[in-house]
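Proteins get letters first, then strands, A, B, ... in listed order; numbering begins at 1 in each.
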2 protein chains.
Amino acid sequence: MEQMSRNLAFQLKKIRQQRHLSLDDVAKATGVSKAQLAQIEKGEANPTVSTIWKIAAGLRISFSSLLQAPTAHFMKYSSKDAPHVDEDDGRYRVYSIIPYNPERGWELYKIEMEPGAISRSEAHTEGVEETVTVIQGQAVISAGEMHELLEEGDTLVFSGHQPHEYKNTSEKLTILHLILQYK
Amino acid sequence: MEQMSRNLAFQLKKIRQQRHLSLDDVAKATGVSKAQLAQIEKGEANPTVSTIWKIAAGLRISFSSLLQAPTAHFMKYSSKDAPHVDEDDGRYRVYSIIPYNPERGWELYKIEMEPGAISRSEAHTEGVEETVTVIQGQAVISAGEMHELLEEGDTLVFSGHQPHEYKNTSEKLTILHLILQYK
DNA sequence: TCTTAATGTTTATTAGAGTATACATATGTC
DNA sequence: GACATATGTATACTCTAATAAACATTAAGA
């Protein structure tokens, strides 16, 4: 969320410096106050869309070039911090490893299923694709009329717009990685 | 500028209705208050980036799908209202027909040049492409080392990253259309 | 050295973004 | 018909985005 502010900060500063403009220059070109521009470049601002519009228009650039994430990141997500949700009386546990992010377009979950644990999902909104990999144990995945037994190392891709079901058919704890991709 | 608000209004409402969600549903999913969401959908709000982030993340959509302009427009720009700038003692007049817009990426000018009028431009920032069409009269366009005489109906495209010059070499008023395209 | 100009920073103020709450209006359903 | 639930609207309040102005800092010229 202040992800965005960081992107903006980075991109605006980059463009401004590439063009050898001062804050005053940009303020004049865009109609946004110098103080606000400085705040934005420091990532300490939460500008409104009209401010972003003014900056983009004044600088003759697109939104994407302003909101784009700078390329290389280096960011650790600890599975210890991952929030989790339980189903099936705690025998089916879902951990959010990488939360959804509008720039990325997908999210990653780890799922732990006790033997026999089961989870049913209604169809989600159109355009969701699920990619499940079995890290340990085995599971039967059903989606609509289709069924598939997955064992360690197997991966299944299917469209989430139909009701589907995950079931641990083994005698041990099953662990899955689930990627949800939104169109 | 409230162009943006309109886009947002349109796209948010569209997505919400496609998914059969109420304002309360969206408020719960995104963490943005119902009142604010209502304002946004009416185009009466000027949300901050963090609010847009929350909406996009909560609804699992990208920014572009929120900020995108709805397809068909129907918008008249009157040349009477066009602001204009003079150069060369008023003998070179520039009218902004379509102002720059971050979604569009280009702008359109009409230029009127009295006989003999001349205009020189420094190199603008990298990645600007100029497309000049002679509507009436004739003009010599120079860019860097290149020169070209354009007569009625002729069009020239050149890169604006070098110093360039427009000159009316005819005995009558010359009128140009100039499109500036930014990368 | 002193002055001037150009830059970014800090501060005080105001305008409005965002929230929470209460209100209005349906649409069932018993 | 009365009650409950779900939906969008309107209102009062808080917090902060945005501005304008003063300030600090540096560099350049005379």
Distance-only donor-acceptor check, side chains Q138(A) and S170(A), under 3.5 Å
no

With respect to the side chain of D24(A), which nucleotide from dA18(D), dA17(C), dT7(C) is positioned closest?
dT7(C)

Between R16(A) and E44(B), the residue closer to the 5' end of DNA chain C by nearest nucleotide is R16(A)

Is there a donor-acceptor pair closer than 3.5 Å between any side-chain N or O of S142(A) and the backbone N or O of H164(A)?
no

Expressed as a whole number of angstroms, how long is the span from L21(A):CG to dT7(C):C1'?
13 Å

Where along residues 30-38 of chain B does a heavy atom come under 4.0 Å from DNA chain D, residue by residue in number order?
K34(B), A35(B)

When you check the phosphate oxygens OP1 and OP2 of dA17(C), does a side-chain N or O of T51(B) lie under 4.0 Å from one of them?
no

Atom CG of N46(B) to atom P of dA17(C): distance rounded to whole Å?
5 Å

Expressed in angstrom and rounded to an integer, what is the separation of I52(B) atom CD1 from dA17(C) atom P?
12 Å

Q39(B) CD to dG18(C) C1', straight-line distance once rounded to whole Å
10 Å

Checking H177(B) against T133(B): is there a side-chain donor and acceptor pair closer than 3.5 Å?
no

Examine distances only and state if a side-chain atom of R93(A) and a backbone atom of D86(A) form a donor-acceptor pair shorter than 3.5 Å.
no

Do D88(A) and R91(A) pass the salt bridge (charged side-chain N to carboxylate O under 4.0 Å, His left out) test, and can you show the C-alpha distance, the side-chain angles, and the key distance before you say yes or no?
CA-CA 5 Å; D88(A) 199 2; R91(A) 306 191 311 120; 3.6 Å; yes

Closest listed nucleotide, where the reference is the side chain of L23(B) and the choices are dT19(D), dA17(C), dT9(D):
dT9(D)

Tell me whether Q18(B) at atom CD has more than 12 heavy atoms from other residues, nucleotides or ligands lying less than 6.0 Å away.
yes

Would you say a side-chain N or O of T48(B) is under 4.0 Å from OP1 or OP2 of dG18(C)?
yes

Nearest whole Å is fine: how far is dG8(D) C1' from D25(B) CG?
12 Å

Rounded distance (Å) that lies between atom P of dA6(C) and atom NE2 of H20(A)
18 Å

Shortest side-chain distance from K42(A), nucleotide among dT9(C), dA17(C), dT9(D):
dT9(C)

Looking at dA6(D), I'd like to know if its phosphate oxygens (OP1 or OP2) sit under 4.0 Å from a side-chain N or O belonging to K28(B).
no

Starting from P on dT16(D), measure out to CD1 on I40(A) and report it in whole angstrom.
17 Å

For Q17(A) and dT7(C), give me the distance from atom CD to atom P, rounded to whole Å.
13 Å

Just by modelled atom types, is the M4(A) backbone N or O under 3.5 Å from a matching donor or acceptor in the N7(A) side chain?
no

Side-chain N or O of K54(A) closer than 4.0 Å to phosphate OP1/OP2 of dA17(D):
no

